[in-house]
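Numbering of ligands and ligand atoms starts at 1, following listing order. Computed from a predicted structure; not experimentally measured.
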Amino acid sequence: MNQQVLLEVKHLKKYFQLGKQETLKAVDDVSFQIFKGETFGIVGESGCGKSTAGRTIIGLYDRTEGEVIFDGKNVHTLKEKEKYAFYRQMQMIFQDPYASLNPRSTVMEIISEPMEVHGLYRKKQEKVQRVYELLEDVGLNRDHANRYPHEFSGGQRQRIGIARALALDPKFIIADEPISALDVSVQAQVVNLLKRLQKEKGLTFLFIAHDLSMVKQISDRIGVMYLGNLVELTTSSQLYKRPLHPYTQALLSANPIPDPDVEDSRERIILKGELPSPINPPSGCVFRTRCPHAMEVCGQKKPIWQEEDAHHFVACHLYNKEIMAGKDYSQTAASK
Ligand code: SF4
């Protein structure tokens, strides 16, 4: 891969202080790069820190540690003047389109608001024309401009949210569970719309979701998160062909396959227990309390982030040759 990096996340941490004693480690040392023009998916169970990571990247939350470099600039140390230009380039689409759209504003007001904040299209007619164009871009039409959010279906409201995110002509969009609140029949339409817009406008996406099948459809590469940590990262096809991390293997085994013969012969990996609290995460490997391959060393050492195959990264002791050289490998052979 020889692509240009648009966004680089380096050792990002986001902790929330809960009273004097407790710290919630929502994002705990996460690093990855996103290339220009690609869709990078982040997947994981609810509570794994993926949305907090997205919000920290765009600057909605201040980071605890680490860096976010966008187009060569550190997002968290921008001067006031630079912030305006930055927010034009990076926009967000939210999970619940109804909650993110002001119910008292018309679609025209909702979509044109960012243009007004940034002083674009000072002539009213230009602004109106731009809103019409954006509505058409997302599969709506100009007649929708004078209506209110409650007059639309969930899918149409998400289209309005997408049009608003596009209003400033951004380079990069963080889509935070943009289809989870929609009916299954509408989800594919919104995914197809995002794909089309990406192609037409040369956009780069960070697509956050808990549903692996949808993430696969849209993403070039996927990062898997568990309890604030990135545990695996590779291309979308490689992740499905050869998942390495026991957590990814479990997530994929729970994903139905349309072929009934393959589906019947598959082995399901049922994870025991609940996601532990990020206030008091397990020592060593954070997945060890639910991992079917956990070894003694997993409670003592945090696994290193290593490149197991070309462009295929994983954090698990099973792939650490030094650690495994001293172990009985037979108990873990089935996972390879
Ligand atoms: Fe399982 Fe140990 Fe690998 Fe963690 S490091 S995923 S507990 S085998």
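As a member of the Ile/Leu/Val/Met/Phe/Trp/Tyr network built from side-chain separations under 4.5 Å, Leu18 groups with Phe16, Leu24, Tyr61, Ile279.
Val224 has its side chain within reach of Leu239: a pair of non-hydrogen atoms, C-beta onward, lies under 4.5 Å apart.
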Residue pair Phe32, Phe40: steps toward the ring pair (Phe, Tyr, Trp, His ring centres under 6.0 Å) verdict: CA-CA 10 Å; Phe32 58 87; Phe40 183 85; 4.8 Å; yes
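No side-chain donor-acceptor contact under 3.5 Å links Ser31 to the backbone of Lys10. In terms of modelled atom types and a separation under 3.5 Å, the side chain of Glu308 and the main chain of His312 share no donor-acceptor contact.
Note on atom 3 (Fe) of ligand 1: protein N/O/S atoms under 2.8 Å are Cys316 SG.
Using cut-offs of 30° and 60° for the angle between ring planes, the Tyr247 and His245 rings count as perpendicular.
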